[in-house]
Asker: 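Quick one: this structure, given as structure tokens, is what I'll be asking you about.
Numbered from 1 within each chain, the chains take letters A, B, ... in sequence-line order.
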Amino acid sequence: MASLQPVRGTHDLLPDEGRKHRHIADTARGLAARYGYEEVATPIFEFTEVFKRTLGDTSDVVTKEMYTFEDRSGDLITLRPEGTAGIARAVISGGLGQNLPLKFFYYGPMFRHERPQKGRLRQFHQIGVELLGVAAPLGDIEVIALGAHILDSLGILGRCKLELNTLGDVESRVAYRDVLVKYLSGHVDSLSEDSRERLNRNPLRVLDSKDEGDKRIVADAPAFGDYLTEAARDFFARVTDGLDALGIRYELNPRLVRGLDYYCHTAFEFTTDALGAQGTVLAGGRYDGLIETMGGPATAGVGWAAGVERLAMLAEGTQAPVRPIAVIPIGGAAEAAALKLTFDLRQAGFSIDLGFSGNLSRRMKRANKLDAVCAIILGEDEIAKGVATIRDMASGEQTTVPLGEIAAHLARHR
RNA sequence: GCGGGCGUAGCUCAGUUGGUUAGAGCGCCAGAUUGUGGAUCUGGAUGUCGUGGGUUCGAUUCCCAUCGCUCGCCCCA
């Protein structure tokens, strides 16, 4: 702790990158609103139990990545590693289930104690949406369409592909889990150590293993598709039909398994190969059992989350900084007048930069660096005549304007 | 959590086969221009050579540890 370094895996969002984040958040928020999803913000910490219960005791996120601490009242608190659990909790504690369906958008920091890498931080930001109370495939379709729409608006849909799978309903999963465990148990000696562990805790995850040996075994495993109930199969077919109808392209990936335990039916993931090892850009799925698991009424849910830092690395656009008008006093006598003019113009809705010090040349340089649209120059000559000189920074053209008419003269820059 | 690479000015990087004053470009500051920015020219300031320890007459250079970044594994957004 000798040197002043930021905590590992955290970093400062300075103006340049901050504007990029805002561009992404604003784009997403705007489109979400167009689909009827309103922004909500839940606390960034919750009782640890909220995440333990919802994410599942077997997930890595819960077992080794949470920032958990005891607060001064002895409560066990966790910094949220993702957004869905907090929203589900809010739905229950606020009795929001009375007003289904609920359509929420969120944006904020998340915390996971992972090894930092490109596109993987310990404090990172996610945008996400949750649709609660819609059990029909139309919900899955809408949520995926919104995700695709946002990626498209950010100009990165073309570099992503949508992978899609179904995890079926509980009945399907129980049936499949049995045959899968039976099959894998027959090959237990050839499985990787990780997968042997998964076999006990969460066998579906073995399907997702990157180990070459595991892949060979998995290749001959019974297919989940054969064990789907008719209802689950039909549900998934209606989702894919809907995507087809909207012209949203996808690839079926039977190996796509979600890391968090609360998912069922549709699982999807927009991935890219432009980000190295961190290929997932926007991912989510259906989680019908979640709210009930937490002690609320049975409530259907679908949603997704996307990493803002990852989106920022892919997206080209950014929010342009505000171009100010520079007010430039020359000499001590003009400063009082400049101060007053500055604050009056700000009240009138203009974005004004009043350099804090320096002579005319220095202040002009500052105006130029800030990309000011124009400079209002106030010197002794001007003050004596009750006017100001307004210089258009692009053309260099200067006009003399009476002090009382400045606001009107600048109206187009408001 | 495991393995590989890297760490020199605000930024991008050169360099030192261990030896006195560590460099460039960009940026920054000042001047040419005490009432005019962007271009140009001139000058200037920068650094505990990531940190701590060891070897050595001497370490930015070699060794160890540590922190950070990075790539892969893992996990995921």
Asker: If you measure from the C1' atom in G3(B) to the same atom in U16(B), how many Å do you get, rounded?
Answerer: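 It comes out at 31 Å once rounded to the nearest Å.
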Asker: Base, sugar-phosphate, or nothing: which does L378(A) touch, judged by heavy atoms less than 4.0 Å apart?
Answerer: nothing
Asker: With the threshold set at under 4.0 Å for non-hydrogen atoms, list the residues of residues 354-372 of chain A touching RNA chain B in residue-number order.
Answerer: L360(A), S361(A), R362(A), M364(A), K365(A), N368(A), K369(A)
Asker: With rounding to the nearest 0.5 angstrom, report the CD1 to CD1 distance, I352(A) to I376(A).
Answerer: 5.5 Å
Asker: How would you label the contact of G396(A) with the nucleic acid (heavy atoms, under 4.0 Å): base, sugar-phosphate, or nothing?
Answerer: base
Asker: In this structure, how many angstroms lie between the P atom of C76(B) and the NE2 atom of H113(A), rounded?
Answerer: 16 Å
Asker: Measuring only the P atom in each nucleotide, how far is U42(B) from G7(B)? A whole number of Å is fine.
Answerer: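 That atom pair is separated by 33 Å.
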Asker: Please report the distance, rounded to the nearest Å, between OH in Y263(A) and P in C76(B).
Answerer: 10 Å
Asker: Take K103(A) and E142(A), measure what salt bridge (Lys or Arg N to Asp or Glu O under 4.0 Å) needs, and give me the verdict at the end.
Answerer: CA-CA 11 Å; K103(A) 303 172 78 170; E142(A) 175 169 284; 3.1 Å; yes
Asker: Do any side-chain nitrogens or oxygens of R115(A) fall under 4.0 Å of OP1 or OP2 in G1(B)?
Answerer: no
Asker: Which atom names give the shortest non-hydrogen contact between R363(A) and P329(A), and what distance separates them?
Answerer: NH1-CD, 3.3 Å
Asker: Any strand counts, and the cut-off is 3.5 Å on both contacts for Watson-Crick or G-U wobble. Which nucleotide pairs with A30(B)?
Answerer: U42(B)
Asker: Measure the distance from CZ on R8(A) to C1' on U70(B) and round it to the nearest whole Å.
Answerer: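 Taking CZ of R8(A) and C1' of U70(B), I get 11 Å after rounding.
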Asker: Mind checking who U48(B) pairs with, Watson-Crick or G-U wobble, both distances under 3.5 Å?
Answerer: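 Pairing partner, where one exists within any strand: none, as none qualifies.
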Asker: Expected output is a numbered-order residue list: members of residues 141-160 of chain A with a heavy atom under 4.0 Å from any atom of RNA chain B. What is it?
Answerer: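 Per residue number, the list is empty: none.
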Asker: With a 3.5 Å cut-off and no angle check, do the side chains of T78(A) and E46(A) form a donor-acceptor pair?
Answerer: no
Asker: So, OP1 or OP2 of A77(B): does either fall under 4.0 Å of a side-chain N or O from R120(A)?
Answerer: no
Asker: Nearest 0.5 Å, please: how far is CG in L252(A) from CG in N165(A)?
Answerer: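 Rounded to the nearest 0.5 Å, the CG-CG separation comes to 7.5 Å.
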Asker: Using ring pair (Phe, Tyr, Trp, His ring centres under 6.0 Å), reason through H413(A) and F350(A) one step at a time and then give a plain yes or no.
Answerer: CA-CA 7 Å; H413(A) 295 311; F350(A) 295 98; 8.1 Å; no
Asker: Yes or no on side-chain hydrogen bond (donor to acceptor under 3.5 Å, both in side chains) for E269(A) and T280(A), after CA distance, side-chain angles and deciding distance?
Answerer: CA-CA 7 Å; E269(A) 204 163 295; T280(A) 305; 3.1 Å; yes
Asker: Which part of the nucleic acid, if any, lies within contact of M110(A), taking any heavy atom under 4.0 Å across all strands shown: a base, the sugar-phosphate backbone alone, or nothing?
Answerer: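 Here M110(A) touches no strand at all.
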Asker: May I have the distance from Q398(A) (atom CD) to G37(B) (atom C1'), rounded to whole angstrom?
Answerer: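 Taking atom C1' of G37(B) as the reference, CD of Q398(A) is at 11 Å.
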Asker: With under 30° as parallel and over 60° as perpendicular, where do the rings of Y227(A) and Y176(A) fit, or are they tilted in between?
Answerer: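 If you compare the ring of Y227(A) with that of Y176(A), the planes turn out tilted.
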Asker: Which residues, if any, of residues 303-333 of chain A bring a heavy atom under 4.0 Å of RNA chain B?
Answerer: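 Heavy-atom cutoff 4.0 Å gives A305(A), G307(A), R310(A), I330(A).
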Asker: Using the C1' atom as the reference point in each nucleotide, state the distance between A65(B) and A22(B) in Å, no decimals.
Answerer: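 Approximately 26 Å lies between the C1' atom of A65(B) and that of A22(B).
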Asker: Ring centroids only, cut at 6.0 angstrom: are H265(A) and F236(A) within range, meaning strictly under it?
Answerer: no
Asker: Could you give the CD-to-C1' distance, from E65(A) to A77(B), as a whole number of Å?
Answerer: 12 Å
Asker: With rounding to the nearest 0.5 angstrom, report the CD1 to CZ distance, I325(A) to R414(A).
Answerer: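 The CZ atom of R414(A) is 9.5 Å from CD1 of I325(A), to the nearest 0.5 Å.
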Asker: Given the side-chain rings of Y107(A) and H21(A), with only the six-membered ring counted for Trp, is the space between their centroids under 6.0 Å?
Answerer: no
